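Take a look at the structure set out below.
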Amino acid sequence: MTNTAALSRLFEPTSLGALPLANRLVMAPLTRNRAGADGVPQPIMATYYAQRASAGLIIAEAATPNAVGQTYPNIPAIHNEAHVAGWRRVTDAVRAAGGRMFLQLQHGGRVGHPDNSGLTPVAPSPVPLPETIHTPSGRQDSVVPREMTLDDIRSTVADFASAARNAVDAGFAGVEVHAANGHLLHQFMARNTNHRTDAYGGSVAGRIRFAVEVVRAVAEAVGPERVGLRISPGNTVNGIEEGDTGSIYPALVEALADTGLAYLHLVTADPDQPLFQRIRKSWPGTLMANPALPWAEPLPADGGKREGERLLAAGADLISLGRAFLANPDLVERLRVDAPLNQVRDRHMMYVGGETGYTDYPTLAGTPELAGARP
């Protein structure tokens, strides 16, 4: 193993506004279904995140801003006092370990089920998810979501703002609004899930309106310097077909360019793509980029380090990695010294609860044959 820290900008100390970061590596939000059935974070989640506190920033897994926004079983939430108290135990543990945390706010929209939330999912239009969904009794057919009324839209915007205030009360340095991966905000932006003919549908300006209102409300609630936005242009997960990706995202970026947000988080970013280059040119603030790594295959041996460095060279400011942090609590140190990485074990272990495949991944210090070889 060799020490490559001096050769890579990934390990440079930096800052996110006034928030100092030890390096440019960010732990991406990773849903892992370890909360209680009531959405309260469990003690094992404090252990898991504290293990990974060497990341420059941790973005904690998606938490729902209201009950109807719940996606799957055992997803954390952030809309009552018990949720706040549970998350405070997590942020206290990470802070004690020297880490910094944001919390992702996610409303599932049509990605939900009455057996998970007790409520019929809501969405921009009554277009069901074109696949089954996981529930406590196994996978079931998706249900037709209820089309959101204007009152629903206004109350959901308010719920996001309230959830952001709760997150700050719980000790998070800020929040990330999730407008990616086929969830509610993304559903409003996509042509195949938004068939509305009112001010929240039709044109590009109409389809980005809900996302813009949510982000601005959250920024007003806790300060724009505490708010990030996550987008995933061209991502078809959860049955999304945007239809005009090249128009939607430049318009969204332009509509929010004056807000002073902490960052824009671009998922599966490719520095060679014109849209990445256009977004980087148009976005005046910090750009966080998540490298486009193959999902259906094992992680590259370097966990995405090389692709992260390419993105930094192309203008990104921070690099987020997901699975590499899941499998390597000490990922920053492993990348720093070019140590071998743990590979993600059976994927179902990500979601079944308990320590296995969650808090039991070894560190270099816990792997004698590697620890002894460190420089």
Side-chain angles (χ1 to χ4, degrees), residues 16-19 26-31 35 39-41 45 49 57-71 75-92 94-95 99-109 122 148 152-181 183-186 188 208-231 252 255-265 285-286 288 318 320:
L16 196 58
L19 183 69
V26 176
M27 180 179 173
L30 299 161
T31 292
V40 174
M45 293 170 63
Y49 283 115
L57 179 69
I58 293 172
I59 305 174
E61 64 204 273
T64 56
N66 56 26
V68 74
Q70 181 176 349
T71 51
I75 296 296
I78 187 66
H79 53 82
N80 66 36
E81 292 182 3
H83 300 147
V84 172
W87 277 120
R88 190 176 293 120
R89 289 189 289 269
V90 176
T91 59
D92 284 349
V94 170
R95 190 175 300 106
R100 306 282 191 273
M101 291 188 85
F102 270 44
L103 177 65
Q104 187 182 74
L105 305 179
Q106 173 193 273
H107 190 302
V122 297
M148 294 174 72
D152 291 329
I153 289 173
R154 283 189 286 268
S155 65
T156 302
V157 170
D159 288 342
F160 269 94
S162 178
R165 287 189 288 267
N166 286 344
V168 172
D169 288 346
F172 288 98
V175 297
E176 176 179 277
V177 175
H178 195 11
N181 297 0
H183 295 105
L184 182 63
L185 275 66
H186 202 180
F188 268 90
I208 68 171
R209 179 176 176 177
F210 179 63
V212 171
E213 289 183 356
V214 168
V215 171
R216 288 188 176 276
V218 170
E220 183 177 352
V222 298
E225 72 282 359
R226 293 180 180 268
V227 181
L229 172 65
R230 194 181 209 213
I231 58 174
L252 181 65
L256 294 171
D258 66 346
T259 54
L261 297 185
Y263 63 83
L264 178 66
H265 189 179
T286 296
M288 183 186 299
L318 300 170
S320 71

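Here the structure is a predicted model, which is why all the values come from computation and not from measurement.
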Side-chain donor/acceptor pairs under 3.5 Å, residues 158-174, sequence neighbours excluded:
residue : atom : partner : partner atom : Å
Asp159  : OD2  : Asn66   : ND2          : 2.9
Asn166  : ND2  : Ile78   : O            : 3.0

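With rounding to the nearest 0.5 angstrom, the CG atom of Leu264 is 11.5 Å from the CZ atom of Arg230. One distance of note links NE2 of His178 with OG1 of Thr31; it measures 7.0 Å at 0.5 Å rounding. Between the CG atom in Leu318 and the CE atom in Met288 there is a gap of 5.0 Å [rounded to 0.5 Å]. Rounding to the nearest 0.5 Å gives a distance of 8.5 Å between CG of Leu261 and CZ of Arg216.
Heavy atoms only, all atoms of each residue included: Pro65 and His79 are closest at O-CB, 3.3 Å.
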* Under the side-chain hydrogen bond (donor to acceptor under 3.5 Å, both in side chains) rule, what do Thr156 and His107 come out as? Steps first, then yes or no, please. => CA-CA 9 Å; Thr156 302; His107 190 302; 4.8 Å; no

- Please walk me through it: do Leu19 and Phe102 pass side chain to side chain contact (heavy atoms under 4.5 Å, CB included)? CA-CA 11 Å; Leu19 183 69; Phe102 270 44; 4.1 Å; yes

- Task: Apply the test side chain to side chain contact (heavy atoms under 4.5 Å, CB included) to residues Val40 and Arg89: give CA-CA distance (whole Å), side-chain angles for both, the deciding distance (0.1 Å), then the verdict.
- Result: CA-CA 11 Å; Val40 174; Arg89 289 189 289 269; 4.2 Å; yes

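Judged purely by distance below 3.5 Å, without hydrogens or angles, the side chains of His183 and Thr71 never pair a donor atom with an acceptor atom.
Side chain of His186 to main chain of Asn181: a donor-acceptor pair is present (N/O by atom type, distance under 3.5 Å, no hydrogens or angles).
A salt bridge links Asp92 to Arg95: one of the charged nitrogens lies within less than 4.0 Å of a carboxylate oxygen.
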